[in-house]
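The structure appears right after this line, and notes come after that.
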Amino acid sequence: MTNIPSASPVFDFQPGHAPVLLTLPHSGTDLPPGMAGRMTAHGAQLPDTDWYIDQLYTTHARERGIGVIRARYSRYVVDLNRGADDAVLYPGRPSTGLVPALAFDGTPIYQDGQEPDQTEIRDRIAAFWQPYHDAVGRELERLKRQHGWAVLWDGHSIRTHIPRLFEGRLPDLNIGTNGGASCDGRLLACIEAHAKSLPGYTHVVNGRFRGGYTTRYYGQPDRGFHAVQMEIAQSTYLQHEDAPWPLDETAFRRLSAAMAGFLDTVLDWKPQV
């Protein structure tokens with residue numbers, strides 16, 4: 001049984017003044033007491049972490065007055081980009097799960113008999129998932145009151161090849177808006193135009209990754225809330241996609257500049273009234 005911390009912050013929050021909120025639900029690597037000892041050697045490496053995504057975005061966001069909510073705990077504790085009901089996001093595909101038992105490649109995360117039971121799963125939802133989403137919801141409401149609208153940018157990365165989850169090679173930049181339902185079409189057009197302007201990167205809109213729970217739940221353009229997920233292939237900034245996941249510094253700087261351009265594109269957009 002994992003001991004759930006009662007006082008340790010489960011996320012970092014830097015409020016901003018711009019009408020944009022950056023959420024980073026999968027960049028955390030902390031584990032609650034007792035969890036590491038129950039995990040397999042592979043699971044304990046946390047291979048499905050969104051490595052360096054906080055470094056990619058945070059400085060640019062703060063320079064632009066964009067608020068940032070970054071999870072501290074690993075997605076293996078509880079996946080903040082899944083609904084609390086663990087509903088399937090992509091029917092017909094393997095589900096990575098709210099409290100996953102398997103890594104993306106299908107390798108067990110826990111030693112035999114050490115998987116969390118339903119009581120522990122409920123405790124994790126209450127301790128980690130609920131406070132994070134309470135904060136996201138409050139901040140979006142505050143930004144909408146201040147500006148009349150709010151945009152949520154959900155930042156992610158993933159290995160370029162994961163045969164269990166998708167065929168072939170993932171495009172470099174994967175933009176998700178739940179099939180166009182989570183943000184204004186004019187905003188999406190501006191974002192895609194910036195993606196097309198970037199030399200050396202492939203991109204797709206609403207391809208394999210259309211956006212997870214965050215994009216689908218908070219993206220309500222008819223109410224003034226717009227949400228976009230950016231899933232970046234890790235081959236765009238890592239030397240290789242295995243432990244210890246070393247950065248390619250030159251590629252990372254180039255990608256960081258591209259992400260700053262996406263943030264500027266969102267900041268430059270205003271809804272028509």
Side-chain angles (χ1 to χ4, degrees), residues 22-27 42 45-57 74-76 79-82 88-97 100 102-107 109 153-180 182-183 188 191-216 219 227-248 250-263 265:
L22 171 65
T23 51
L24 303 173
H26 294 156
S27 63
H42 182 75
Q45 289 183 314
L46 311 179
D48 300 316
T49 301
D50 290 1
W51 300 108
Y52 308 106
I53 285 295
D54 50 346
Q55 297 177 35
L56 186 73
Y57 280 110
S74 169
R75 67 185 302 158
Y76 288 171
D79 190 333
L80 301 173
N81 201 29
R82 300 294 179 270
V88 173
L89 293 176
Y90 297 99
R93 298 278 187 169
S95 177
T96 56
L102 302 176
F104 286 176
D105 63 4
T107 304
I109 292 170
W153 185 273
D154 203 38
H156 297 263
S157 75
I158 193 170
R159 278 175 288 166
T160 309
H161 297 274
I162 307 180
R164 177 171 171 262
L165 299 185
F166 51 83
E167 297 81 16
R169 177 186 177 91
L170 197 68
D172 297 329
L173 308 176
N174 299 267
I175 302 162
T177 63
N178 193 24
S182 70
C183 79
L188 178 56
I191 292 168
E192 187 171 16
H194 177 64
K196 290 178 178 177
S197 77
L198 297 171
Y201 292 110
T202 60
H203 79 278
V204 67
V205 176
N206 292 311
R208 171 61 182 87
F209 294 97
R210 294 169 30 226
Y213 172 83
T214 303
T215 305
R216 301 180 195 205
V228 179
Q229 176 175 298
M230 173 63 79
E231 189 86 53
I232 301 171
Q234 291 177 347
S235 59
T236 60
Y237 66 92
L238 295 181
Q239 294 179 34
H240 58 76
E241 299 179 65
D242 298 303
W245 299 281
L247 268 181
D248 179 327
T250 300
F252 186 78
R253 286 193 294 272
R254 179 168 171 261
L255 180 64
S256 181
M259 290 305 111
F262 278 112
L263 295 180
T265 296

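Since the structure is predicted, the reported quantities are computational estimates derived from the model, not experimental observations.
- Judged purely by atom type and a 3.5 angstrom limit, Asp248 has no side-chain atom pairing as donor or acceptor with the backbone of Gln239.
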Exercise. Should Leu173 and Leu255 be marked as a side chain to side chain contact (heavy atoms under 4.5 Å, CB included) after you check the CA-CA gap, both sets of side-chain angles, and the distance that decides it?
Worked result: CA-CA 10 Å; Leu173 308 176; Leu255 180 64; 4.2 Å; yes
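- Between the side chains of Thr160 and Glu241, a donor-acceptor pair is found at a separation under 3.5 Å.
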For this session: For the pair Arg208 and Leu165, evaluate side chain to side chain contact (heavy atoms under 4.5 Å, CB included) and give the outcome as yes or no after the intermediate values.
Result: CA-CA 9 Å; Arg208 171 61 182 87; Leu165 299 185; 4.2 Å; yes
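- Residues Asp50 and Leu24 have side chains not in contact (no heavy-atom distance under 4.5 Å, counting atoms from C-beta outward).
- At least one donor-acceptor pair under 3.5 Å links the side chain of Asn206 to the backbone N or O of Gly179.
- For the atom pair Leu22 CG and Leu263 CG, the distance stands at 6.5 Å (nearest 0.5 Å).
- Counting heavy atoms from C-beta outward, Phe166 and Ile158 have side chains that approach closer than 4.5 Å.
- For the pair Ile109 and Pro100, the tightest heavy-atom approach, listed with the atom from each and the gap, is CD1-O, 3.6 Å.
- Looking at heavy atoms from C-beta onward, Ile53 lies out of side-chain contact with Gln234 at the 4.5 angstrom threshold.
- Annotation: side chain of Thr23 is not in contact with side chain of Leu80 (no heavy-atom distance under 4.5 Å).
- Of the listed residues (Asp79, Thr49, Asp48), just one forms a side chain to side chain donor-acceptor pair (under 3.5 Å) with His26, and that residue is Asp79.
- For the residue pair Ser182 / Arg210, no side-chain donor-acceptor distance below 3.5 Å is found, with atom types taken as modelled.
- Between Asp105 and Arg164, every side-chain heavy-atom pair lies at or beyond the 4.5 Å cut-off.
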For this session: Report the C-alpha distance between Arg169 and Ser235 in whole Å, list the side-chain angles of each, state the deciding distance to 0.1 Å, and finish with yes or no for side chain to side chain donor-acceptor pair (under 3.5 Å).
Result: CA-CA 10 Å; Arg169 177 186 177 91; Ser235 59; 3.3 Å; yes
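- In this pair, Tyr52 and Phe252 present their aromatic rings perpendicular. The plane angle is above 60°, beyond the 30 to 60° band.
- Within the 4.5 Å cutoff, the side chain of Gln55 has no heavy atoms near those of the Tyr237 side chain.
- Remark: the backbone N or O of Gly261 is paired with a side-chain donor or acceptor of Thr265 at under 3.5 angstrom.
- At distances below 3.5 Å, at least one donor-acceptor pair connects side-chain atoms of Gln229 with backbone N or O atoms of Gly212.
- For the pair Leu170 and Ala233, the tightest heavy-atom approach, listed with the atom from each and the gap, is O-CB, 4.2 Å.
- Arg75 and Thr96 form no side-chain donor-acceptor contact under 3.5 Å, judged by distance and modelled atom types alone.
- Between Leu198 and His203, every side-chain heavy-atom pair lies at or beyond the 4.5 Å cut-off.
- A donor-acceptor pair is defined here as one N or O able to donate and one able to accept, closer than 3.5 Å; no such pair exists between the side chain of Ser256 and the backbone of Arg253.
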For this session: Tell me, with the steps shown, if His156 and Asn81 meet side chain to side chain contact (heavy atoms under 4.5 Å, CB included).
Result: CA-CA 10 Å; His156 297 263; Asn81 201 29; 3.5 Å; yes
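- You'll find the side chain of Pro171 stays beyond 4.5 Å of the side chain of Phe209, heavy atoms only.
- Heavy atoms only, all atoms of each residue included: Ile175 and Ala195 are closest at CD1-CB, 4.1 Å.
- Gly155 approaches Pro25 most closely through the heavy-atom pair O-CD, 4.0 Å.
- One finds the CG atom of Leu247 at 6.0 Å from the CG atom of Leu238 (value rounded to the nearest 0.5 Å).
- Taking CD1 of Ile232 as the reference point, atom CG of Asp172 lies at 9.5 Å (rounded to 0.5 Å).
- Heavy atoms only, all atoms of each residue included: Pro47 and His42 are closest at CD-O, 3.4 Å.
- Rounding to the nearest 0.5 angstrom, the gap separating the CE atom in Met259 from the CH2 atom in Trp153 is 7.0 Å.
- Summarising the geometry of Tyr90 relative to Gly211, their closest heavy-atom pair is OH-N, 3.3 Å, with the distance given to 0.1 Å.
- Of the possible donor and acceptor atoms, one in the side chain of Arg216 sits under 3.5 Å from a partner among the backbone N and O of Leu89.
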